[in-house]
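What follows is one structure encoded as structure tokens, with my remarks underneath.
Computation of the quantities below employed the complete heavy-atom set of this structure, encompassing side-chain atoms and omitting hydrogens, waters and symmetry-equivalent molecules. By convention here, the first residue in the shown sequence is residue 1.
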Amino acid sequence: MEHEVFVPVTVERLREALGDPVRVARAVPGLQQDAGADPVAGRLKVRVGSHSITYRGAVRVTGRDDGSYAVEGDATETRGTGSVTLALTLRLRDTEGGTTLTFDGTATADGRVTELPQDAVGSAVVRLLNRFAEALGETEEKPEQPEEKPEQQETPEAVETPEPEEPPAPPVDDFTEPANPPAEAAHARRTMIGRSAEEVDHAPPRGRYAPVPAPQTVASGATLRWAAPAAAVVLASAIVVTRVLRKRR
């Protein structure tokens, strides 16, 4: 198998990415890394035509003295007994405007993938290598930037403004007792001193607040005393006159 891919990235940048296993794992399309495993290990779903096969395995990238890289991998089907073994050589060639990646090597497989058309398998491998090369050029390690603290804007010191004076309150009528109460009120107060609360409550008010007595009816009573005998005399006289007149007739 031999395949070439052009990426608009410098050779130095690609070498930095290939030397970092974490960035290599990010470049493998669809790789689901296993927790606690090697950086380039986990599950990978490969779509071949209308079929999809999921493999679990690992890939290792090792640099050589001549500047090339050895790519070795092995995986097994998660739902079957098939397996895949990969042995590739990756070379980087400086090209105008970028870099050309050349994949050369062999791959052996058994299981479900052998039952699929060879053209569909070849297209799936080419598509996988293209996406890997493109993603490898995009996985640039971003330097950690220190957290920028928001600048605190200095606020001018608050100027003390004089508080507005409150207008004087309007005069309030004094409903309390005058300083010098009337003599009658003072007399009534003095008379209440020493009495119990019940006597004070039931005691009739005196002085200015004493009730006005009802007018006496002595004259009418005297009139009735002499009017009654007079009426009796008149009545008796009328009876006597009536009898005398009857006898004369």
Could you check Leu136 against Leu14 for side-chain contact (heavy atoms from CB on, under 4.5 Å), going step by step and ending with a plain yes or no?
CA-CA 7 Å; Leu136 191 65; Leu14 289 177; 4.3 Å; yes
Arg15 (side chain) donor-acceptor with Gly67 (main chain) under 3.5 angstrom
yes
Looking at every heavy atom in both Pro29 and Leu44, which two are closest together, and how far apart are they?
O-CD1, 3.0 Å
Side-chain contact test, heavy atoms from C-beta onward, threshold under 4.5 Å: evaluate it for Thr62 versus Tyr69 and give yes or no.
no
When rounded to the nearest 0.5 angstrom, what is the spacing between CG in Leu88 and OG1 in Thr102?
12.0 Å
Residue list, side chain to side chain contact (heavy atoms under 4.5 Å, CB included) with Thr85, at least two apart or on another chain
Thr108
Would Thr89 and Arg64 satisfy side-chain contact (heavy atoms from CB on, under 4.5 Å), going step by step from the backbone distance to the final call?
CA-CA 10 Å; Thr89 300; Arg64 296 176 177 175; 3.5 Å; yes
Value for CG (Leu101) from CG (Leu90), rounded to nearest 0.5 Å, stands at 5.0 Å
Taking the side chain as every heavy atom from C-beta outward, state whether Val125 and Met1 have any atom pair closer than 4.5 Å.
yes
Going through the distances and angles, do His3 and Asp104 end up as a side-chain hydrogen bond (donor to acceptor under 3.5 Å, both in side chains)?
CA-CA 7 Å; His3 181 64; Asp104 186 10; over 6 Å; no
With heavy-atom distances below 4.5 Å as the criterion, would you say the side chains of Val59 and Val28 are in contact?
no
Look at the side chain of Arg13 and the backbone N and O of Gly137, then say whether any donor-acceptor pair between them is shorter than 3.5 Å.
yes
CD on Glu96 to CZ on Phe6, rounded to 0.5 Å:
8.5 Å
Could you check whether any side-chain N or O of Arg127 sits under 3.5 Å from a backbone N or O of Arg47, counting only pairs where one atom can act as donor and the other as acceptor?
yes
For the backbone of Val40 and the side chain of Gln33, can you confirm whether one donor and one acceptor N or O come within less than 3.5 Å of each other?
no
Quick check against the 3.5 Å criterion: does Ser123 have a side-chain atom that pairs as donor or acceptor with the backbone of Asp119?
yes
Decide side-chain hydrogen bond (donor to acceptor under 3.5 Å, both in side chains) for Thr95 and Thr100; before the verdict, give the C-alpha distance in whole Å, the side-chain angles of both, and the deciding distance to 0.1 Å.
CA-CA 6 Å; Thr95 308; Thr100 301; 2.8 Å; yes
Taking all non-hydrogen atoms of both residues, which atom of Ala109 and which atom of Thr114 are closest, and how far apart?
O-CG2, 3.5 Å
Under the rule for side chain to side chain contact (heavy atoms under 4.5 Å, CB included), what residues qualify as partners of Asp110, not counting sequence neighbours?
Ser83
Is a donor on one side and an acceptor on the other found under 3.5 Å between the side chain of Thr54 and the backbone of Ser52?
no
Could you go step by step and tell me if Glu4 and Arg93 meet the side-chain contact (heavy atoms from CB on, under 4.5 Å) rule?
CA-CA 10 Å; Glu4 291 186 354; Arg93 186 176 70 253; 4.0 Å; yes
Taking atom CD1 of Ile53 and atom CG of Leu116, what is their separation to the nearest 0.5 Å?
5.0 Å
Heavy-atom closest pair (Arg112 atom, Glu77 atom, distance to 0.1 Å) is N-OE2, 3.0 Å
Ignoring hydrogens and angles, tell me if any N or O in the side chain of Thr99 forms a donor-acceptor pair with the backbone of Val11 under 3.5 Å.
yes
Quick one: closest heavy-atom pair of Ala135 and Ala27, and the distance?
CB-O, 3.5 Å
Interatomic spacing from OH in Tyr55 to CG in Asp74 - rounded to 0.5 Å:
12.5 Å
Can you check side-chain contact (heavy atoms from CB on, under 4.5 Å) on Val24 and Phe132, steps first, answer last?
CA-CA 9 Å; Val24 172; Phe132 171 74; 4.3 Å; yes
Give, for atom CZ of Arg56 and atom OG1 of Thr76, the distance between the pair rounded to the nearest 0.5 Å.
8.0 Å
Which pair of non-hydrogen atoms, one from Gly49 and one from Ala120, has the smallest distance, and what is that distance?
N-CB, 4.4 Å
